[in-house]
Amino acid sequence: MPYKVLVIPGDGIGPEVVEAALYVINATARKYGVELELKTAEAGDVALRKYGVPMPPETLSLADAADAIFKGPIGESAYDVTSFFRMRYLLYANIRPVKSLPGATAIKEIDCVFVRENVEDVYVGAEYRVGDVAIALKVITAQGTRRVARVARRYAEMRRRKVTIVHKANVLRVVDGLFRDVAMEELRGLEVEQVYVDAAAMELVRDPLRFDVVLTTNQYGDILTDLAAQVAGGIGLAPSANIGDSKAMFEPVHGAAFDIAGRGIANPIATILSAAMMFEWMGREDAASAIRRAVVESLKRGIKTPDVGGNSKTIEVGKYIAALTEAQ
Ligand code: ATP
């Protein structure tokens, strides 16, 4: 049975980086004999302009039928597409590996994986305004914490068996306290440390190598992963996966970057490494590793976009990494 993958190019630089990544996906599937059934559909600002809605019904039924969604960034309507999919399919774990790569100017060496809770916290959308008072609810559940902590445990077991729980339970004693307590329980038997979110931001810049697997709540993870991506050499290199029990979605960490859209200079590596995460999720670590090696080689040889000091075009980088993957 082939894996059904819905491809959503998205907005801004999305279509450019997704096109480049598709060269790599197709070459990898060919080389490693992974059966994929790829379909493409529109969502986001581009769909809003064309059809009046950011999530056309046809896109939604294709997404419902797919095993995985592979998408580019979405612009102004990100909440109606990205957040919507996370909630609809209960993609409760957001995995963001952060690793400094050769040939990209990292601020400091870093090699960790963020496991960010993805469907709770202040992003549940429970916001209220009563006159001059605005209230947002921060929702953390034991069940939600338990399932994401289990994902962190799986990653820790594949790595150094060390997890850092990031929270702010000294101030948010009840909500962050629950997250901390349940996470501690689930991670028993591993080396576990706790770091307050403000200290974590500082430590990610001061001594990033002290982190291996980082487990945190939705909002803290949102902020810290952008910071960590910058430490690793830029947002154009940072991939992500959104994992649930029956479906997953893969996308670059960066946004639509309208400032450079249409110029063919966007870095496709974040999207290509997200494709590697998709192959890993399909149980094809061999294919995923081949893509990662090809990315490193391409950077080393200087076939890279301007944001990481090169002068290659988005598509050239995609084709080059595809060829290197296939040649292994
Ligand atoms: P959002 O609100 O959706 O996160 P944003 O414009 O605030 O969008 P990004 O789109 O992530 O944030 O971009 C921030 C900056 O980083 C952009 O100005 C862009 O120039 C640069 N950038 C982001 N992604 C890439 C990429 N893939 N290649 C090169 N530069 C990028």
Side-chain angles (χ1 to χ4, degrees), residues 7 9-29 31 70-73 96-114 204-205 208-209 225-241 250-280 287-328:
V7 178
D11 300 315
I13 60 172
E16 301 164 56
V17 291
V18 167
E19 188 190 351
L22 279 173
Y23 280 102
V24 181
I25 290 175
N26 286 319
T28 308
K31 168 90 183 193
F70 183 78
K71 62 177 275 298
R96 297 185 171 193
V98 186
K99 189 170 168 27
S100 36
L101 297 169
T105 38
I107 294 173
K108 277 203 180 140
E109 205 188 329
I110 181 167
D111 183 4
C112 63
V113 176
F114 276 83
L204 273 167
V205 175
L209 280 177
T225 50
D226 267 30
L227 171 71
Q230 211 54 48
V231 172
I235 199 97
L237 301 169
S240 80
F250 304 86
E251 58 182 351
V253 167
H254 62 74
F258 290 108
D259 54 334
I260 56 164
R263 291 168 51 198
I265 57 164
N267 191 341
I269 287 181
T271 313
I272 291 170
L273 290 175
S274 304
M277 295 185 81
M278 182 169 77
F279 283 107
E280 186 177 69
S289 303
I291 296 174
R292 292 190 188 111
R293 282 194 298 271
V295 165
V296 168
E297 200 50 39
S298 169
L299 284 167
K300 274 190 187 159
R301 295 186 194 176
I303 311 301
K304 51 188 184 177
T305 46
D307 58 304
V308 283
N311 54 22
S312 301
K313 293 282 189 182
T314 310
I315 288 299
E316 279 173 55
V317 175
K319 287 183 177 171
Y320 196 78
I321 293 172
L324 284 177
T325 307
E326 211 165 4
Q328 287 178 52

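- Nearest heavy atom pair, residue K313 against residue G264, reads CD-O, 3.2 Å.
- Counting only heavy atoms from C-beta outward, the side chains of I13 and F258 never approach each other to under 4.5 Å.
- Taking each heavy atom of A238 and A270 in turn, the nearest pair found is O-CB, 3.3 Å.
- Here the closest heavy-atom approach between residue S312 and residue P306 is recorded as O-CD, 3.8 Å.
- Across I272 and A21, no two heavy atoms sit closer than the pair CG1-CA, 3.8 Å.
- Within the 4.5 Å cutoff, the side chain of L101 has heavy atoms near those of the V296 side chain.
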Result block: side-chain N/O donor-acceptor pairs under 3.5 angstrom for residues 229-237, not counting sequence neighbours:
none

What do the steps show when you test V7 against L22 for side-chain contact (heavy atoms from CB on, under 4.5 Å), and what is the final call? CA-CA 9 Å; V7 178; L22 279 173; 4.2 Å; yes
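- D226 has its side chain within reach of V253: a pair of non-hydrogen atoms, C-beta onward, lies under 4.5 Å apart.
- Nearest heavy-atom pair, V205 versus L227, reported as atom, atom and distance to 0.1 Å: CG2-CD1, 4.1 Å.
- Annotation: salt bridge (Lys or Arg N to Asp or Glu O under 4.0 Å) contacts of E316 (sequence neighbours excluded): none.
- For K304, the salt bridge (Lys or Arg N to Asp or Glu O under 4.0 Å) test picks out no residue, with sequence neighbours left out.
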As a quick check of understanding, evaluate side-chain hydrogen bond (donor to acceptor under 3.5 Å, both in side chains) for S240 and R96, giving each step before the final call. CA-CA 5 Å; S240 80; R96 297 185 171 193; 4.5 Å; no
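- Two residues are said to be in side-chain contact when any heavy atoms from C-beta on lie closer than 4.5 Å; K31 and T28 fail this criterion.
- A 4.5 Å side-chain heavy-atom check between P73 and H254 finds at least one atom pair inside the cut-off.
- A salt bridge links R292 and E280; the closest N-O separation between the charged side-chain nitrogens and carboxylate oxygens is under 4.0 Å.
- F279 pairs by the ring-ring contact (aromatic ring centres under 6.0 Å, His included) definition with nothing, not counting sequence neighbours.
- The neighbour count for N311 CG, taken as heavy atoms of other residues, nucleotides or ligands under 6.0 Å away, does not exceed 12.
- At a threshold of 4.5 Å between non-hydrogen side-chain atoms, the residues F70 and T271 count as touching.
- Note that the OG atom of S274 and the CD1 atom of I269 stand 11.5 Å from one another [nearest 0.5 Å].
- Side-chain contact between P97 and P239 is present, with heavy atoms from C-beta onward closer than 4.5 Å.
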Would you list the atom pairs, donor with acceptor, under 3.5 Å between side chains in residues 318-328 and any protein atom, with sequence neighbours excluded?
unit_1	atom_1	unit_2	atom_2	d
Y320	OH	R301	NH1	2.9
T325	OG1	I321	O	2.6
E326	OE1	R30	NH2	3.2
E326	OE2	R30	NE	2.9
E326	OE2	R30	NH2	3.4
Q328	OE1	R293	NE	2.8
Q328	OE1	R293	NH2	2.8
Q328	NE2	A290	O	2.8
Q328	NE2	L324	O	3.4

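- Here the closest heavy-atom approach between residue T305 and residue A266 is recorded as CG2-O, 3.5 Å.
- By the salt bridge (Lys or Arg N to Asp or Glu O under 4.0 Å) test, E251 is found to be paired with K71, R86, residues two or more places apart in sequence or in another chain being considered.
- At a threshold of 4.5 Å between non-hydrogen side-chain atoms, the residues L204 and I110 count as touching.
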